[in-house]
Amino acid sequence: MIQAIKNMLGMGPSVDLKQLVKDGSTIVDVRTKGEYAGGHVKGSINIPLQVLGNNLGKLKKEKTIITCCASGMRSGSAKSLLKSKGYTVHNGGGWMSLQNKLR
């Protein structure tokens with residue numbers, strides 16, 4: 001149970017997010033449009049969590065997805081949703097932390 005929660009929050013086994021991005025992964029920022037406008041990871045796309053389920057057509061299943069938000073909670077929820085729909089997805093956590101990992 002604890003490991004499942006850690007995995008959902010992106011605290012599972014270590015993944016080289018920088019390499020995933022180099023390999024063409026899509027970064028999906030699930031914060032609101034206003035939050036996204038205040039700063040985001042370069043090259044990311046903004047699909048707020050509350051409308052993610054209705055916008056799956058914008059995402060390609062053959063591409064790995066990295067989710068991010070403000071703290072990692074919403075991106076964890078987005079990861080669970082996307083995984084349930086057959087996507088390969090990793091929780092990048094908070095967008096500022098993810099941005100630092102990608103440098």
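Quantities reported herein were computed from a predicted structural model and do not represent experimental measurements.
The ring-ring contact (aromatic ring centres under 6.0 Å, His included) pairs that include a residue from residues 51-82 number zero, where partners must be two or more places apart or lie in different chains. Applying the salt bridge (Lys or Arg N to Asp or Glu O under 4.0 Å) test to every pair with at least one member in residues 60-75, sequence neighbours left out, gives these pairs: Glu35-Arg74. Note on residues 16-27: no pairs pass salt bridge (Lys or Arg N to Asp or Glu O under 4.0 Å), not counting sequence neighbours.
Residues Leu59 and Val51 are members of one and the same hydrophobic cluster, defined by side-chain heavy-atom contacts under 4.5 angstrom among Ile, Leu, Val, Met, Phe, Trp and Tyr. Note on Val30 and Met73: separate hydrophobic clusters, where clusters join Ile, Leu, Val, Met, Phe, Trp and Tyr whose side-chain heavy atoms are under 4.5 Å apart, directly or indirectly.
A side chain to side chain contact (heavy atoms under 4.5 Å, CB included) with His90 is found for exactly one of Leu17, Thr67, Leu82, namely Leu17.
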Only pairs under 3.5 Å count here: list side-chain donor-acceptor contacts from residues 94-103, not counting sequence neighbours, and write none if there are none.
from   : atom 1 : to     : atom 2 : distance (Å)
Asn100 : OD1    : Arg103 : NH1    : 3.0
Asn100 : ND2    : Met96  : O      : 3.4

Please set out all donor-acceptor pairs under 3.5 angstrom arising from side-chain atoms of residues 41-50, sequence neighbours excluded.
from  : atom 1 : to    : atom 2 : distance (Å)
Ser44 : OG     : Tyr36 : OH     : 3.2
Ser44 : OG     : Val41 : O      : 2.7
Asn46 : ND2    : Asp29 : O      : 3.1
Asn46 : ND2    : Arg31 : O      : 2.9

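The nearest pair of heavy atoms linking Ser75 to Gly93 is OG-O, 3.7 Å. The heavy-atom pair separating Tyr87 from Leu56 by the smallest distance is OH-O, 3.0 Å.
With sequence neighbours excluded, the residues that form a side-chain contact (heavy atoms from CB on, under 4.5 Å) with Ser25 are Leu20, Thr64, Ile66.
With rounding to the nearest 0.5 Å, the separation of CG in Asn91 from OG in Ser80 is 8.5 Å.
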